[in-house]
Colleague: 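Mind having a look at this structure? Questions to follow.
What you are looking at is a predicted structure, and each value in this text was computed from that prediction instead of being measured. Because only heavy atoms are used, hydrogens play no part in the values below, and waters and symmetry mates are left out as well, while side chains stay in.
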Number of protein chains: 2
Amino acid sequence: MKETFGEYIHKLRTEASLTLTKLAAALDIDQSTLSKIENGKRNIPEEILPKLADIFNLDINQLEKEYFSEKIAEMIYPKENSSEFLKLAEQKAEYKRLTNLKQGKIDFKNA
Amino acid sequence: MKETFGEYIHKLRTEASLTLTKLAAALDIDQSTLSKIENGKRNIPEEILPKLADIFNLDINQLEKEYFSEKIAEMIYPKENSSEFLKLAEQKAEYKRLTNLKQGKIDFKNA
DNA sequence: ATAATTTTTTCTATTTTTGACAAAATTGTC
DNA sequence: GACAATTTTGTCAAAAATAGAAAAAATTAT
């Protein structure tokens, strides 16, 4: 059972015995914002990912995977047949990849 | 190979021999907006889905599937290992579903 | 070339999101 | 219970993103 991204951060923070104030300072955001992030009430700015990876010694790619899959989950979780959405999404992604390759305007550096 | 949602609308429109102006009027949006939608340069307002279903006699559920999977595809298509993102997303969606966590209702005490 | 259609540009208005602060609530300790 | 530390919530203005409309530019068809 996968937790949400906010819960993940919460776990990391508490296991490291950090207060919201301290971690927020390290991430350069307000502590109230961090609280809202952990509780899923605020968008997570992508810029904090590398800082999180640095502070907690995490694989940045894994973090990004958690981050984006969270956004997708947010979109599909109210749908009954979500796996159908995902299957179709994968086909469409493949299509976009191919058509954009033809036009030579894609960048896999951050993939 | 699945087309984009914009291309799908374009196909529907041209097969019905409708101009941008006419269809846009029926959808109650500007024709320049419809042009951008067909060309993937503008977000697609969810409100047009029922109108599209009505005009072209389509299954609204299928339309919604196309609509949301398009949004997901937009997010993941630059990622190389997109299927991993989707697998994780499905787990997270399941988690959200089970714990019934709507935005702003996370309670770690009971988590 | 002209006309019709489509695409792009530009501008303004509206909505949404953000960051910061302070107040309220919760938690833990004595 | 009282107290301090931590966390959560609410508010509000500023910033950013998005929408809508009109018109110019480009494309397509006759």
Side-chain angles (χ1 to χ4, degrees), chain A residues 3-52 55-56 67-68 70-75 96 99-100 102-103 105, chain B residues 3-52 55-56 67-68 70-75 78 99-111:
Chain A
E3 65 218 334
T4 69
F5 197 76
E7 286 167 331
Y8 181 49
I9 296 178
H10 180 81
K11 203 180 76 185
L12 288 170
R13 180 175 64 80
T14 51
E15 281 176 355
S17 298
L18 289 171
T19 65
L20 281 171
T21 310
K22 284 207 168 190
L23 179 56
L27 295 174
D28 203 33
I29 59 179
D30 192 82
Q31 109 267 3
S32 72
T33 302
L34 181 53
S35 168
K36 285 164 188 163
I37 286 172
E38 289 188 355
N39 292 290
K41 298 179 177 176
R42 192 95 159 196
N43 278 2
I44 300 162
E46 203 172 338
E47 307 87 74
I48 73 171
L49 298 187
K51 293 174 186 168
L52 279 175
I55 294 169
F56 295 111
Y67 176 79
F68 284 107
E70 171 80 10
K71 286 183 180 273
I72 296 169
E74 190 61 38
M75 189 181 300
K96 277 175 185 288
T99 53
N100 279 345
K102 280 183 195 160
Q103 298 164 0
K105 60 174 177 185
Chain B
E3 65 217 333
T4 68
F5 195 77
E7 286 165 336
Y8 181 50
I9 296 177
H10 180 83
K11 203 179 76 186
L12 289 170
R13 179 176 63 81
T14 52
E15 282 176 353
S17 300
L18 289 171
T19 65
L20 281 172
T21 309
K22 287 208 168 189
L23 179 55
L27 295 173
D28 202 33
I29 59 179
D30 194 83
Q31 108 268 2
S32 73
T33 302
L34 181 53
S35 169
K36 285 166 190 163
I37 286 172
E38 289 188 357
N39 292 290
K41 298 178 178 175
R42 190 100 161 196
N43 276 4
I44 299 163
E46 202 172 339
E47 307 88 73
I48 74 171
L49 297 187
K51 293 175 184 168
L52 279 175
I55 294 168
F56 295 111
Y67 176 79
F68 284 107
E70 172 79 8
K71 285 184 179 271
I72 296 169
E74 190 62 38
M75 189 180 299
T99 53
N100 201 21
L101 297 181
K102 299 236 168 194
Q103 266 192 343
K105 300 282 187 203
I106 294 175
D107 183 350
F108 285 114
K109 283 188 309 234
N110 305 327

Colleague: Got a sec: does the NZ of K51(A) have more than 12 other heavy atoms crowding it under 6.0 Å?
Modeller: yes
Colleague: L23(A) pairs by side chain to side chain contact (heavy atoms under 4.5 Å, CB included) with which of I55(A), T14(A), I29(A)?
Modeller: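 Of all the options given, the one that passes is I55(A).
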Colleague: Q31(B) CD to dT7(C) C1': how many Å, rounded?
Modeller: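 Checked: the CD to C1' distance equals 9 Å.
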Colleague: Send over the distance from L20(B) CG to dT28(D) P, rounded to a whole Å.
Modeller: 14 Å
Colleague: For the atom pair CZ (R13(B)) and OH (Y8(B)), what is the distance rounded to the nearest 0.5 Å?
Modeller: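 These two atoms lie 15.0 Å from each other.
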Colleague: In this structure, how many angstroms lie between the C1' atom of dA5(D) and the NZ atom of K22(A), rounded?
Modeller: 13 Å
Colleague: Round to the nearest Å and state the distance from L18(A) atom CG to dT6(D) atom C1'.
Modeller: 13 Å
Colleague: Roughly how far, to the nearest 0.5 Å, is CD of E38(B) from NZ of K11(B)?
Modeller: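 CD of E38(B) is found 12.5 Å from NZ of K11(B).
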Colleague: On the nucleotide dT8(D), are OP1 or OP2 found under 4.0 Å from the side-chain N or O atoms that N39(A) carries?
Modeller: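 Answer is yes, contact under 4.0 Å.
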Colleague: Take K71(A) and E46(A) through the salt bridge (charged side-chain N to carboxylate O under 4.0 Å, His left out) test and state the conclusion after the steps.
Modeller: CA-CA 12 Å; K71(A) 286 183 180 273; E46(A) 203 172 338; over 6 Å; no
Colleague: Under 4.0 angstrom, heavy atoms only, what part of the nucleic acid is S35(A) near: base, sugar-phosphate, or nothing?
Modeller: base
Colleague: Among L34(B), I9(B), I37(B), L49(B), find the one that has a side chain to side chain contact (heavy atoms under 4.5 Å, CB included) with L27(B).
Modeller: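 When side chain to side chain contact (heavy atoms under 4.5 Å, CB included) is applied between L27(B) and each of L34(B), I9(B), I37(B), L49(B), only L34(B) qualifies.
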Colleague: What integer distance in Å separates H10(B):NE2 from dT28(D):P?
Modeller: 11 Å
Colleague: Give me the bend of the helix from dA1(C)-dT30(D) to dC30(C)-dG1(D), using the axes of the five pairs at each end, rounded to 10°.
Modeller: 50°
Colleague: Apply the test side chain to side chain contact (heavy atoms under 4.5 Å, CB included) to residues F68(B) and I72(A): give CA-CA distance (whole Å), side-chain angles for both, the deciding distance (0.1 Å), then the verdict.
Modeller: CA-CA 10 Å; F68(B) 284 107; I72(A) 296 169; over 6 Å; no
Colleague: Whole angstroms only, please: what is the CD1-P distance between I37(A) and dT7(D)?
Modeller: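 From I37(A) CD1 to dT7(D) P: 14 Å.
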Colleague: Rounded off to whole Å, could you give me the CD-to-P distance for the E7(A) and dT8(D) pair?
Modeller: 12 Å
Colleague: With a 4.0 Å limit, can you tell me whether K41(B) has a side-chain N or O closer than that to the phosphate oxygens OP1/OP2 of dT7(C)?
Modeller: no
Colleague: Classify the side-chain pair E7(B)/T4(B) by whether it contains a donor and acceptor separated by less than 3.5 Å.
Modeller: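 Yes, a side-chain donor-acceptor pair sits under 3.5 Å.
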Colleague: So which heavy atom on Y67(A) is nearest to which on I44(A), and how close?
Modeller: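 Scanning both residues completely, I find the closest heavy atoms to be OH-O, 2.9 Å.
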Colleague: In B/S/- notation, 5' to 3', how is nucleotides 12-20 of chain C contacted by protein heavy atoms closer than 4.0 Å?
Modeller: ------BBB
